[in-house]
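Accompanying notes for the structure given below.
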Amino acid sequence: MDNNLLTPNSNPKSPSTTPPRSSRYVNGVDNKLNYSVLLFNRMIRMKPLPLLIEFHKLLGDIVKMKRYSTAISLINKLLFLRISVDSCMMNIAINCFSHLKRIDLGFAVLGCIVKCGHEPLVSTYNTLLKGLVLEDRVYEAEVLFKKLIKERICEPNEVTYGTVMNGLCKGGNTKMAVRLLRYMERKGCKPSKEGYSTIIDGLCKDRMVDDALKLLAEMVENRVFPNVITYNSLIYGLCNLGRWEDAKQMLREMESRKINPDVHTFNIFVDAFCKEGMVEDAESVLRIMVEKGEKPDVVSYSALIDGYCLRGQMKEATAVFNTMIDKNVEPNVITFNSLINGHCKRSNIDEAMRLFKEITRKKLEPTVSTYSTILYGLFKVDKALSLFRIIINNGMHPNVALYTVLIDGSCKNGKLDTAVDLFSELNSRGLQPNIVTYNAMSNGLCNEGLIDEAKELVVKMEKNGVFPNSVTYNIILQGILRWKKPKDALLHLKEMEARGFSIDASSFSLLLHMVPAKKLDSNFVDLIQKLVPKDILKCKFRPAK
DNA sequence: TTAGGGTTAG
């Protein structure tokens, strides 16, 4: 194949055999990687050359270590040496590009495969579909999938269906994923445990755990057996609904099927307990985990730290942080975000700032969450805007997200004027406010009773091509409920119905508090029933037995 | 076990 195939040069961090990490991190994976690369270099010098399958195995190992750039550079080497490369090797390359979020280069490889007169395999398309899903380009994945079927390019297999179903679930369209599952069954393609698990996971994330449990029963009936991943999704869904007994029942079911819980299983419990404020229970799970021979990882410790931070117990949170360092578990940016959040909530800005600097010192990337947490913290001591000005003076170009945090923070701290100034400043910098920015601004206006101004802003945003979403409508609804007459709320609810938006939990609770019962005529009740999602009604009005 | 699909944390 063409030896220029995999020399894109478009990846500025050019593929190298050394991982892009500092030398402090020399660990088992790096040693293994160095050994693999050494072996590879020996293999290409052997005469006769080892079978291609040996190269596949070696590259497969490197992919498992997630060193995608290294794998690509090694395939490049083969091409450069004119060692013939097959479709399987090209699939490995496409897979690596997918993980590097460069599916465009993956498609370039497909082009080369075709140009060289090779037939792309169904697995090639599966890998490309996965790449699109990984980049959140689910719609394009759907288009490609339909094209494969319509133009009979290849016969989709259970992996193809599984990949597309996963994309649909990730894109929030679990219903469509279920329909695809039924479609593949009709076509005589038996779903695998991965396929069922994908849908079960989607249903659990949508809080439709009972449907997920039905699907579990169905897969077993079809003699497809769940594994630890299937159960992890179900346990997550059940814990998320506070159905602890059912979650425990799942553990018992796993035991009877001889499926061992893994580090994920324990982490789901640790996290769920922490979110409920039951940090002591989470600590017990951690102990059980160790007893069972599973090593707590960065997720386990971070969840625990977050639990303590949420309760304002910074001493305990710091103790857990020190434990993880002692155990050689590297904290990540999420760990730091929790600690920063905890310190900000307790107005310990100096400590929050110290940790913020620690993130960059550790060569980690702060996330939008990091910035917003720090800025919200700084709002309390009135330092946010001055920090923002320092950031700009240092030559950093602020983006819309940063402005949005400041606008939201200003509004929530009673500084509507500052928010309005910042909002106009966006324009002068050539930045376009997005839906989140508009919503933050509308919320600020509504909180000050400026409902009509908020409505005008909605008209303006639509003119600018940013369309109000369910959050916008709920913000305005809450404003009306607080400041206007029930009659106005009724009109607004009718508009929400016409636009297909529903009432969220906090608006609903406000609605019940603000509208006197006698005003709740049948018009109101009908609308509310239509607009409130069923799970909210269920939890608020569980009928007495 | 020669490539390709599914799970957890702010």
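Naming convention: chains lettered A, B, ... in sequence-line order (proteins, then strands); numbering from 1 in each chain. Only heavy atoms go into these numbers, but all of them, side chains included; no hydrogens, no water, no symmetry mates.
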Do A/K214 and A/D210 sit within salt-bridge range, that is, some charged N less than 4.0 Å from a carboxylate O? no

With a 4.0 Å limit, can you tell me whether A/N91 has a side-chain N or O closer than that to the phosphate oxygens OP1/OP2 of B/dG4? no

Using OP1 and OP2 only, check whether a side-chain N or O of A/K275 sits under 4.0 Å from B/dT8. no

Taken to the nearest whole Å, CZ/A/F273 to P/B/dA9 is 16 Å

Can we say A/K205 and A/D201 salt-bridge, meaning some charged N sits less than 4.0 Å from an Asp/Glu carboxylate O? yes

Hey, does A/L121 reach any base, or is it just sugar-phosphate, or nothing, if we go heavy atoms under 4.0 Å? base

Check this for me: does the side-chain of A/D86 come within 3.5 Å of the base of B/dA3 through a donor and an acceptor? no

In terms of the angle between their ring planes, are A/Y68 and A/H99 parallel, tilted or perpendicular, with boundaries placed at 30° and 60°? parallel

Taking B/dA9, B/dA3, B/dT2 as options, the one with an atom nearest any side-chain atom of A/Y236 is B/dA9

A/T124 near the nucleic acid: base, sugar-phosphate alone, or nothing, with a heavy-atom cut-off under 4.0 Å? nothing

Measure from the side-chain heavy atoms of A/K64 and tell me the nearest of B/dG10, B/dT2, B/dA3. B/dA3

Is A/D350 paired with A/R354 through a side-chain N to carboxylate O contact shorter than 4.0 Å? no

Closest listed nucleotide, where the reference is the side chain of A/N157 and the choices are B/dA9, B/dG6, B/dG4: B/dG4

Mind calculating the distance between CD1 (A/I235) and P (B/dT7) to the nearest angstrom? 15 Å

Between A/N166 (CG) and B/dG6 (P), how many Å, whole number? 5 Å

Quick check for you: among B/dT7, B/dG4, B/dG10, whose closest atom lies nearest to any side-chain atom of A/T370? B/dG10

Donor-acceptor check, side chain of A/R311 to backbone of A/G277, threshold 3.5 angstrom: yes or no? yes

Identify whether any heavy atom of A/T163 sits under 4.0 Å from a base atom; if not, whether one sits that close to sugar-phosphate; answer base, sugar-phosphate or nothing. sugar-phosphate

Mind checking if A/E158 touches a base, just sugar-phosphate, or nothing, with heavy atoms under 4.0 Å? base

Closest listed nucleotide, where the reference is the side chain of A/V122 and the choices are B/dG6, B/dG10, B/dG4: B/dG4

Where the side chain of A/V299 is defined as all heavy atoms beyond and including C-beta, which of B/dG4, B/dT7, B/dA9 is the nearest nucleotide? B/dA9

Atom pair distance, as rounded to whole Å: NZ in A/K193 and C1' in B/dG6: 11 Å

Quick check for you: among B/dT7, B/dG10, B/dT2, whose closest atom lies nearest to any side-chain atom of A/C88? B/dT2

Listed nucleotide nearest any side-chain atom of A/V298, set B/dA9, B/dG4, B/dT2: B/dA9

Rounded to whole Å, the CD1-P distance (A/I53 to B/dT1) equals 11 Å

Establish whether the base of B/dG6 is bridged to the side chain of A/S197 by a donor-acceptor pair shorter than 3.5 Å. yes

Separation of B/dG4 atom P from A/N126 atom CG, nearest Å, is 11 Å

Does A/S192 reach a base, just sugar-phosphate, or nothing at all? Heavy atoms under 4.0 Å. base

Any side-chain N or O of A/K205 less than 4.0 Å from the OP1 or OP2 oxygen of B/dT8? yes

Salt bridge flag under 4.0 Å for residues A/E218 and A/R182: yes

Under-4.0 Å salt bridge between A/R137 and A/E135: yes

NA contact type, A/N227, heavy-atom cut-off 4.0 Å: base, sugar-phosphate, or nothing? base

Regarding the side chain of A/D262, the nearest nucleotide among B/dG4, B/dA3, B/dT7 is B/dT7

Between CD1 of A/I340 and P of B/dA9 the distance, given in whole Å, is 20 Å

A/I92 side chain, from C-beta outward: closest of B/dG4, B/dA3, B/dG6: B/dA3

How many whole angstroms separate atom NE2 of A/H118 from atom P of B/dA3? 19 Å

